[in-house]
Amino acid sequence: MNPQVRAVEYAVRGAIVLKAGEIERELQQGIKKPFSEVIKANIGDAHAMGQQPITFLRQVVALCTYPDLLDSPRFPPDAKDRARRILQSCGGQSLGSYSASQGVSCIREDVARYIERRDGGIPADPDNIYLTTGASDGIASILKILVSGEGTARTGVMIPIPQYPLYSAAISELNAVQVNYYLDEEHCWALDVSELRKALYRAKEYSNPKVLCIINPGNPTGQVQSRRCIEEVIHFAWEEGLFLLADEVYQDNVYSEDCQFHSFKKVLHEMGPEYSGTVELASFHSTSKGYMGECGYRGGYMEVLNLHPDIQAQLVKMLSVRLCPPVSGQAAMDVVVNPPKPDEESHQQFIQEKEAVLSSLAHKARLTEELFNQVPGIQCNPLQGAMYAFPRIFIPPRAVEKAEELHTAPDMFYCMRLLEETGICVVPGSGFGQRDGTYHFRMTILPPVEKLRRLLQSVKDFHVRFLDEFS
């Protein structure tokens with residue numbers, strides 16, 4: 001078997017989630033537990049947690065999927081117009097046909113116009129847009145074309161710690177070298193360029209660092225980077241000749257009033273041609289997060305800048321091997337980048353639904369931070385963005401010793417006990433990376449408010465019992 005596949009780990013769907021599935025089956029069989037359901041707070045799956053779909057998005061995808069509905073008076077004209085435009089760009093005017101490997105042309109055009117609006121008029125070229133199977137597919141594809149060399153010449157990929165485990169998994173699969181740089185928990189998970197520099201210079205002793213990955217807003221840490229920080233990161237990448245990967249799938253999820261999302265593409269352009277004409281940048285977006293939460297459609301895109309034409313041709317060739325991303329996901333992505341305009345029939349309902357989701361998430365972010373920080377032995381930084389809390393938890397030395405006896409990480413021991421006693425499934429911080437001697441878990445804030453309150457109360461009660469037991 002390929003040893004690189006064995007090396008892959010993905011904590012978000014790891015051992016604790018398998019255990020949660022086992023407990024769910026036991027509940028269905030009538031086996032008594034101290035809880036009535038398993039709450040899967042391990043993953044950012046909005047609709048599974050009860051979030052309602054955006055009506056307009058579902059209308060357009062429904063019309064594309066079953067065009068006979070175009071004659072139905074139940075669907076608004078603006079949804080029909082978008083569906084017709086998408087279908088006219090599909091082979092045989094059917095969502096069931098393959099698209100071009102780079103994606104449906106009119107959807108790539110809509111993505112480019114969206115980026116221009118988002119970034120205040122900075123031009124975007126549809127030829128630099130690649131529709132993907134979620135953002136994950138794009139990230140893995142870019143890493144695949146960048147990894148090369150053997151021994152100390154093997155490509156190093158710089159990733160934040162804590163990180164989203166897609167990165168470590170992709171690096172393992174490609175047998176690249178993972179280069180960790182640590183976010184500053186004491187300063188709300190800030191990114192410090194001096195830490196980047198230290199990590200880079202250490203890594204040069206055993207690898208060839210070529211790629212710098214940034215997650216903004218952060219996952220699992222929820223921080224939103226300032227414009228100044230982004231400028232410093234771009235200057236560092238320019239100075240060191242690094243290819244930048246900007247994971248921006250949570251760009252709509254900013255909750256702190258003193259924070260604002262700045263795209264790497266916009267800041268790069270505004271830094272002038274010395275940077276904007278040379279720094280290689282791939283940025284990613286998705287239908288899965290934001291206010292949409294359409295994880296199952298697997299829609300996404302990447303914009304790739306300053307890629308040499310020969311390398312761009314190789315990228316297109318590689319993408320053609322997987323034929324194309326799901327065309328229904330491409331249609332969903334089109335609605336995200338081409339929502340109803342102010343003079344269109346669906347605009348008011350769309351805005352109401354979008355703002356309801358985002359305001360609810362903002363409320364839940366504040367609630368989660370506030371309630372966690374009331375628990376002795378739990379410390380939670382402000383949730384500035386994204387859709388997770390990543391609280392630091394105190395685990396007593398006796399509990400650490402017990403975990404070592406069981407040959408498991410202390411935070412995995414903690415999270416497994418939490419699951420078995422409360423039915424709450426969260427992911428231990430060791431699955432994302434953390435500084436030695438610190439322990440965390442990641443928990444989504446997606447459950448409905450009242451269920452979230454009960455969940456947080458259950459975590460509090462468990463934590464107090466856990467401290468009592470092992471103190």
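Owing to the predicted nature of the structure, the values given are computational and were not obtained by experimental measurement.
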Closest non-hydrogen atoms of Leu383 and Tyr255, given as atom of the first, atom of the second and distance, are O-CD1, 3.8 Å
What one should report as the nearest heavy-atom pair of Pro339 and Arg117 is CD-NH2, 4.2 Å
Phe462/Tyr414 aromatic ring centres below 6.0 Å
yes
Sorted by chain and residue number, the salt bridge (charged side-chain N to carboxylate O under 4.0 Å, His left out) partners of Lys204 (sequence neighbours excluded) come out as Glu240
May I ask you to decide if the ring planes of Trp238 and Tyr275 are parallel, tilted or perpendicular, using 30° and 60° as cut-offs? tilted
Is the side chain of [X] donor-acceptor paired with the backbone N or O of [Y] at a distance under 3.5 Å, no angle test?
X: Arg392; Y: His440; result: no
X: Gln251; Y: Ser263; result: no
X: Ser286; Y: Gly300; result: no
X: Lys364; Y: Pro447; result: yes

Considering only NZ, NE, NH1 and NH2 on the basic side and carboxylate oxygens on the acidic side, decide whether Arg322 and Asp137 come within less than 4.0 Å.
yes
Under a 4.0 Å N-O cut-off, is there an ion pair linking Glu370 with Arg366? no
request  = Identify whether NZ of Lys or CZ of Arg in Arg197 sits under 6.0 Å from the centre of the six-membered ring of Phe236 and within 45° of that ring's axis.
outcome  = no
From CA spacing to verdict: side-chain hydrogen bond (donor to acceptor under 3.5 Å, both in side chains), Gln312, Tyr130 | CA-CA 11 Å; Gln312 190 169 14; Tyr130 303 79; 3.0 Å; yes
Only one of Val211, Leu245, Leu200 passes side chain to side chain contact (heavy atoms under 4.5 Å, CB included) with Met158, and that residue is Leu200
